[in-house]
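Written out below as structure tokens is the structure these notes cover.
Below, chain A is the first sequence line, B the second, and so on; all start at residue 1.
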Amino acid sequence: MLDIQRIRKETDSVKRGLESTGADAAIIDQILELDTQRRHLQQEGDTLRAQLNAASRDIGREKDPDARKALIDAVSSVKKQIKDNENRVPEIEEALNTLMLNVPNVPLPEVPLGDGEDDNVVMAEHGDAPAFDFAPRPHWEIMEQLGIIDFARGQKISGSRFYVLRGDGARLQRALITWMLDVHAREHGYEELYPPAMVRSECLYGTGNLPKFGDNLYRDAEEDYWFVPTAEVPVTNFYRDEILDAQALPIRHAAYSPCFRREKMSHGKDTRGIKRGHQFDKVELVQFAHPDTSRAALDELTEHARVLLERLGLRHRLLNICTGDLSFVACIKFDLETWSPGSQEWLEVSSCSLFGDFQARRARIRFKDEAGTNRFVHTVNGSGLALPRVLISVIETHQQADGSVRIPDVLQPYMGGQTHITAR
RNA sequence: GGGGAGGUGGCCGAGUGGCUAAAGGCGCACGCUUGCUAAGCGUGUGUACCGAAAGGUACCGAGGGUUCGAAUCCCUCCCUCUCCGCCA
């Protein structure tokens, strides 16, 4: 959510920012109109209530029954006006609030202008494309042949876009999760959390998934429980409605969780393999940062995610996401993509975003600054990393001519010293 | 799922219709003191919104109601704790 004060004071730059993302800036004018009405109503109501309060004090002091009666009668018209005023307020406030919740974040000036993903800027490429003296195969072939995945039974159990990892496939994913969490917790300064995978809707408003993106979420039919699309949701809301110590910032948390997404929008896309499922696993990094250092925190967090790819020996690149491809909540975003030589495509394995106070304002996460003033923190997060796609890249990158897969050195201790996955 | 207790400021804890934003204590901040043993004394210390300011309004789990006036009375809901049942 944007700061209404900012919308009032910097109307033009906010509008320009929104337009650069492809959003319709007309919503800003509607907001300002309602905001004016709201303030007018509030002033009117405050004045009336001040009158009533003063009158009530007088009545309390008046002992003479007749004089008292007269005073009470006199205040009735004020009461009626207050009622009228109160009747008009909710409509305006709800309309205003709805609009505010639907305004996306405004990009930072450094975000490259563009209409869509084709305009994203490649900032860095790391590692060479792996060389093969045979035709590299896609992961679904390799994994099936090794017997470490079962698509058919996954579909039998749960339907399309579900699969079962088995044997060394399941173990490899588990090794990746553990290793990544260990790196973040032991080397990068993140406290590990294991959060709920089901949350109340309020959490999703906090992170910005609701109200606009509810149709990509699964939810309980009877109660207000929603399945998280990412650990970002519970972890960000860990501090909802709290006031943190300035000295405690930045707070860093890493969390593993399963993630659930309907993927309604991408029906026919990515149907082969494990690139896009309704359920997948992910390690998420979240930082709660001081506004003065949040931009640097984004670079730091991005590097924390990137270095994992390097250590896994995967070719990867860093993208600066353009205005037109920015997510609803981000004011700047870097994607990490890793190369999958079998499927011959770049896979997004992490989106690292700075949200400014956009989420903190929705979730009311504040800190007490040096002057003792409560201010909203800035939130930063990114995957570190998304499992299925890292798994794809590991398997396709480290596949061998004989159909086996070499296990990256860093993961071998997590696989009991095993160096290769071979057919059973 | 059934029974009992309770939700007040950073924390503890008063407060049962009016001058209570809310006693007192703790904590914290600033100042003073340094012959009553790392102690004493004083002052200050919630949030949000509107307003140039003065100031005003709202908030004592949430929502609604009664009343000139509610933290205090009534209704509904939520949550926490606890005893019982069930259970990975």
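In this structure, A:N85 places its CG atom 19 Å from P of B:G56, rounding to the nearest Å. Atom CD1 of A:I82 is separated from atom C1' of B:C68 by 11 Å (rounded to the nearest Å). What separates CZ of A:F376 from C1' of B:A48 is a distance of 10 Å, to the nearest Å. Rounded to whole angstrom, the span from the CG atom of A:D35 across to the P atom of B:G51 amounts to 8 Å. Per the geometry, CD1 belonging to A:I4 stands 17 Å off P belonging to B:A48, to the nearest Å. Atom-to-atom, NE2 of A:H40 to C1' of B:U57 comes out at 16 Å; the value is rounded to the nearest Å. Here B:G55 presents its P atom at 21 Å from CG of A:L48, a figure rounded to the nearest Å. Distance CG (A:D241) to C1' (B:C79): 14 Å, rounded to an integer number of Å.
Listed by first then second residue, pairs satisfying salt bridge (charged side-chain N to carboxylate O under 4.0 Å, His left out) with a partner in residues 148-166 of chain A read A:D150-A:R153, A:D150-A:R166, not counting sequence neighbours. Note on residues 374-391 of chain A: pairs passing salt bridge (charged side-chain N to carboxylate O under 4.0 Å, His left out), not counting sequence neighbours, are A:D369-A:R375. Residue pairs satisfying the ring pair (Phe, Tyr, Trp, His ring centres under 6.0 Å) criterion with at least one member in residues 349-394 of chain A, sequence neighbours excluded, are listed as follows: A:H290-A:F367, A:F328-A:F358. Pairs passing the ring pair (Phe, Tyr, Trp, His ring centres under 6.0 Å) check and including a residue from residues 227-247 of chain A, sequence neighbours excluded, read A:F227-A:F260, A:F238-A:H253, A:Y239-A:H253, A:Y239-A:F288. Residue pairs that meet the salt bridge (charged side-chain N to carboxylate O under 4.0 Å, His left out) test with at least one member in residues 71-80 of chain A, sequence neighbours left out, are A:K69-A:D73, A:K80-A:D84. Evaluation of the salt bridge (charged side-chain N to carboxylate O under 4.0 Å, His left out) test over residues 11-35 of chain A, restricted to residues two or more places apart or in two chains, returns A:R8-A:D35, A:K15-A:D29, A:D35-A:R38, A:D35-A:R39. Within the structure, side chain to side chain donor-acceptor pair (under 3.5 Å) contacts touching residues 324-333 of chain A (residues at least two apart or in different chains) are A:N120-A:D325. Screening residues 169-182 of chain A for side chain to side chain donor-acceptor pair (under 3.5 Å) gives A:D182-A:Y414 as the qualifying pairs, with residues at least two apart or on separate chains. Screening residues 144-167 of chain A for ring pair (Phe, Tyr, Trp, His ring centres under 6.0 Å) gives A:F162-A:H278 as the qualifying pairs, with residues at least two apart or on separate chains.
For B:G85, there is no paired base (Watson-Crick or G-U wobble, both distances below 3.5 Å). The nucleotide B:G6 finds its pairing partner in B:C79, both defining distances of the Watson-Crick or G-U wobble pair being shorter than 3.5 Å. Across every strand in view, B:C30 sits in a pair with B:G42 that passes the Watson-Crick or G-U test at under 3.5 angstrom. Base-pair partner of B:C68: B:G18 (Watson-Crick or G-U wobble, both distances under 3.5 Å). The partner of B:C11, taking Watson-Crick or G-U wobble pairs whose two distances both stay under 3.5 Å, is B:G25. Figure legend. B:C49 is base-paired to B:G56; pairs are counted as Watson-Crick or G-U wobble with both atom distances under 3.5 Å. Partner assigned to B:U37 is none, using Watson-Crick or G-U wobble distances below 3.5 angstrom.
B:G42 and B:U33 have their P atoms separated by 15 Å, given to the nearest Å. Taking the P atoms as reference points, B:A23 lies 15 Å from B:A71, given to the whole Å. Going from the P atom of B:A88 to that of B:C79 covers 25 Å, rounded to whole Å. Comparing B:U80 with B:U66, their P atoms are spaced 31 Å from each other, to the whole Å. Across the P atoms, B:C68 and B:G3 are found 38 Å apart, a figure rounded to whole Å. Nucleotides B:G18 and B:G7 are separated by 25 Å at their C1' atoms, to the nearest Å. Comparing B:C11 with B:G61, their P atoms sit 13 Å apart, to the nearest whole Å. On the C1' atoms, B:G35 is 29 Å away from B:C28, given to the nearest whole Å.
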task = Classify every nucleotide of nucleotides 15-23 of chain B by which part a protein heavy atom approaches to under 4.0 Å, writing B for the base, S for the sugar-phosphate alone and - for neither, in 5'-to-3' order.
result = ---B-----
ask   = When every nucleotide of nucleotides 58-67 of chain B is labelled 5' to 3' by its protein contacts under 4.0 Å (heavy atoms), B for base, S for sugar-phosphate only, - for none, what sequence of letters results?
value = S---------
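One finds the CD atom of A:Q43 at 12.0 Å from the CG atom of A:L48 (value rounded to the nearest 0.5 Å). Interatomic distance, NE2 of A:H398 versus OG of A:S404, reported as 12.0 Å (0.5 Å rounding).
Using modelled atom types and a 3.5 Å distance limit, the side chains of A:Q51 and A:Q81 yield no donor-acceptor pair.
Using a 4.0 Å heavy-atom criterion, one finds that A:D73 contacts no nucleic acid atom at all. Using a 4.0 Å heavy-atom criterion, one finds that A:Q42 contacts the bases of the nucleic acid, with or without backbone contacts as well. Residue contacts for A:Q5: at a heavy-atom cut-off of 4.0 Å it reaches the sugar-phosphate backbone alone, with no base atom in range. Using a 4.0 Å heavy-atom cutoff across all strands shown, A:R8 reaches sugar-phosphate atoms only and no base atom. Using a 4.0 Å heavy-atom distance criterion, A:K368 is classed as a sugar-phosphate-only contact. Among the protein residues, A:R364 comes within range of no part of the nucleic acid, since none of its heavy atoms lies under 4.0 Å from any strand.
Contact check on A:E44 versus A:R49 returns no salt bridge, with no Lys/Arg side-chain nitrogen under 4.0 Å from an Asp/Glu carboxylate oxygen.
Listed by residue number, there are no residues of residues 242-253 of chain A with a heavy-atom contact under 4.0 Å to RNA chain B.
Scanning all heavy atoms of the two residues, the minimum distance from A:I142 to A:V405 falls at CG2-CG2, 3.7 Å.
Closest to the side chain of A:R366, out of B:A48, B:G56, B:G51, is B:A48.
Both A:R200 and A:G45 lie near RNA chain B, and the one whose nearest nucleotide falls closer to the 5' end is A:G45.
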